[in-house]
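Below, each value reflects all heavy atoms present in this structure, side chains not excepted, and no hydrogens, waters or symmetry copies.
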Amino acid sequence: MTRTVREFYERTPFPGYPERDTLHALRARAERSPFARLLDRAIAGDARIADIGCGTGQMAIYLARADRIVVAADLSRASLRLGAEAARRFRLARVHFLQTDLHHPGLQEASFDVVFSSGVVHHTPDPRAAFGRLARLARPGGTIVLGVYNAFARVPLRLRRLVARATRFSWIPFDPVLRDRLGEPARREAWLRDQYQHPEEHRHTLAEVQRWFADSGVEYMRAYPSALLGDEPGDLFAAAGDNWRPEGWLAQLGWMAALGHEGGLFFTVGRRSQGTR
């Protein structure tokens with residue numbers, strides 16, 4: 001399946017870059033996301049960051065500020081090529097692109113302050129095992145930020161996918177990303193393939209991801225969006241005030257409206273235990 005996924009992204013790297021993109025435009029685009037702003041604010045200016053499954057590297061480039069060093073790893077050469085070209089064009093020397101397979105990551109364990117992985121492990125045959133390998137890259141006390149499809153929030157897109165397949169992709173209703181990219185055929189095609197035609201996809205609940213954290217010696221800190229009703233995190237790396245399971249289930253039901261208009265991706269933040277090797 002690793003080969004199939006690699007070939008999938010070699011054909012259509014995700015996400016694509018707009019024509020004549022600039023660093024200013026990339027940062028402005030990223031900062032439309034409250035999550036991206038919170039993440040950038042939470043990471044120290046001198047942190048070592050691993051972006052695992054970086055795709056075309058747009059988050060890695062966005063985070064490459066101050067004295068941070070960012071290692072952006074992916075299995076797709078085509079995606080890495082686009083990211084490396086953009087970094088050279090933007091004159092960023094502290095972001096480094098590396099081809100690697102999450103099953104055998106060519107990175108030193110326990111060597112990163114922050115390990116970030118978004119939209120990756122849910123495309124592997126065994127997401128729990130993939131997370132375990134990813135978690136070992138964080139130093140003891142380091143932070144892990146994991147983004148995966150939520151089992152509840154993904155429901156609206158799965159319904160849209162049923163319509164898309166029934167109409168042979170001639171009609172996909174209520175997808176704001178496709179609508180916004182009508183004038184950008186390459187980026188529109190990248191979203192269409194990634195969200196509607198991917199050969200491997202899993203969906204997960206918050207409780208399931210919390211079990212992955214516990215099994216890998218990672219202390220659960222919080223979810224984004226928050227799993228506490230009415231809570232708006234000011235510090236993405238600060239522990240949530242509570243972790244009541246019934247409230248978490250209710251929050252995830254609400255994510256169908258909050259996240260379902262796009263892909264239903266949610267983030268879970270944890271800290272690797274100090275005694276972990």
Side-chain angles (χ1 to χ4, degrees), residues 1-3 5-6 8-9 14 35-36 39 42-43 47-60 62-63 68-76 79-80 83 95-150 194 198 200-224 236-237 263 265-277:
M1 183 53 70
T2 298
R3 179 180 176 182
V5 173
R6 180 188 293 115
F8 180 86
Y9 285 115
F14 180 82
F35 169 79
L39 179 64
I43 298 176
R48 285 178 53 85
I49 305 167
D51 183 353
I52 306 300
C54 66
T56 57
Q58 294 188 32
M59 180 60 84
Y62 171 67
L63 294 176
R68 296 171 183 160
I69 295 174
V70 184
V71 176
D74 201 272
L75 54 75
S76 165
S79 298
L80 292 167
V95 54
H96 309 282
F97 289 86
L98 171 71
Q99 184 179 25
T100 190
D101 180 353
L102 183 55
H103 294 87
H104 307 285
L107 296 168
Q108 184 175 348
E109 294 185 0
S111 59
F112 293 95
D113 301 302
V114 177
V115 175
F116 175 80
S117 184
S118 175
V120 179
V121 304
H122 57 223
H123 288 317
T124 64
D126 187 346
R128 177 180 172 277
F131 173 76
R133 288 186 289 270
L134 181 153
R136 289 196 289 270
L137 298 176
R139 63 169 176 78
T143 303
I144 298 166
V145 183
L146 178 71
V148 294
Y149 292 144
N150 181 259
D194 184 76
H198 205 287
E200 177 93 31
E201 175 184 308
H202 304 272
R203 296 157 298 277
H204 309 283
T205 65
L206 175 60
E208 183 181 2
V209 176
Q210 287 174 333
R211 287 194 295 272
W212 297 352
F213 275 39
D215 291 345
S216 297
V218 177
E219 176 191 0
Y220 168 74
M221 305 293 287
R222 68 164 53 249
Y224 186 92
L236 192 64
F237 289 179
L265 191 81
F266 80 109
F267 292 89
T268 314
V269 181
R271 181 180 296 125
R272 194 171 185 212
S273 300
Q274 290 284 354
T276 307
R277 293 187 177 183

Going through the checks in order, is the side chain to side chain contact (heavy atoms under 4.5 Å, CB included) test met by Val121 and Leu134? CA-CA 9 Å; Val121 304; Leu134 181 153; 4.2 Å; yes
Indicate yes or no: at least one non-hydrogen side-chain atom of His96 is less than 4.5 angstrom from one of Val70. no
What I'd like to find out is whether the side chain of Asp215 reaches to under 4.5 Å of the side chain of Arg128, using heavy atoms alone. yes
Would you check if Arg139 and Phe112 make a side-chain contact, meaning some heavy-atom pair closer than 4.5 Å? no
Take atom CZ of Arg203 as the centre, draw a 6.0 Å sphere, and report whether it contains more than 12 heavy atoms from other residues, nucleotides or ligands. yes
Side chain proximity check, Leu39 to Val145, heavy atoms < 4.5 angstrom: yes
Name the orientation class of the two ring planes belonging to Phe35 and Tyr224 (parallel below 30°, tilted from 30 to 60°, perpendicular beyond 60°). tilted
Heavy-atom closest pair, residues Ser79 and Gly55: CB-O, 3.4 Å
Do the side chain of Arg136 and the main chain of Ser216 share a donor and acceptor less than 3.5 angstrom apart? no
Can you see which heavy atom on Val148 is nearest to which on His122, and at what distance? CA-ND1, 3.3 Å
Please report the closest heavy-atom contact between Asp74 and Leu80, naming both atoms and the distance. O-CD1, 3.5 Å
Checking side chain to side chain contact (heavy atoms under 4.5 Å, CB included) for the pair Tyr149/His202: CA distance, chi angles, key distance, verdict? CA-CA 7 Å; Tyr149 292 144; His202 304 272; over 6 Å; no
For the pair Trp212 and His204, name the ring-plane relationship: parallel under 30°, tilted 30 to 60°, perpendicular over 60°. perpendicular
What closest approach, in Å, do His123 and Asp194 show between heavy atoms, and which atom pair accounts for it? NE2-OD1, 4.3 Å
In terms of heavy-atom contacts, Leu206 and Ala223 come closest through CD1-CB, 4.1 Å
Quick one: CG on Leu63 to CD on Gln58, what's the gap to the nearest 0.5 Å? 12.0 Å
Would you please indicate if the ring centroids of Phe131 and Phe213 are separated by under 6.0 Å? yes
Of all the heavy-atom pairs spanning Gly57 and Phe97, show the shortest one and how long it is. CA-CE2, 3.8 Å
Please report the interatomic distance CD(Glu219) to CE(Met221), rounded to the nearest 0.5 Å. 5.5 Å
State, yes or no, whether a side-chain contact exists between Phe237 and Val114 at a heavy-atom distance under 4.5 Å. yes
If I take atom CG from residue Asp126 and atom CG from residue Leu102, how far apart are they, to the nearest 0.5 angstrom? 10.5 Å
Straight-line distance of Arg133 CZ to Ser117 OG, nearest 0.5 Å: 11.5 Å
Short side-chain to backbone donor-acceptor contact, Arg272 and Gly142, under 3.5 Å: no
What I'd like to find out is whether the side chain of Val269 reaches to under 4.5 Å of the side chain of Ile144, using heavy atoms alone. no
How about Asp51 and Ser118: do any of their side-chain heavy atoms sit closer than 4.5 Å? no
Could you check whether any side-chain N or O of Asp113 sits under 3.5 Å from a backbone N or O of Arg48, counting only pairs where one atom can act as donor and the other as acceptor? yes
If you apply the rule side chain to side chain contact (heavy atoms under 4.5 Å, CB included), what do you find for Thr124 with Glu200, and how did you get there? CA-CA 7 Å; Thr124 64; Glu200 177 93 31; 6.0 Å; no
Can you tell me how far CG of Leu107 sits from OG1 of Thr100, rounded to the nearest 0.5 angstrom? 5.5 Å
Measuring only between side-chain heavy atoms, which start at C-beta, is Leu265 closer than 4.5 Å to Asn150? no
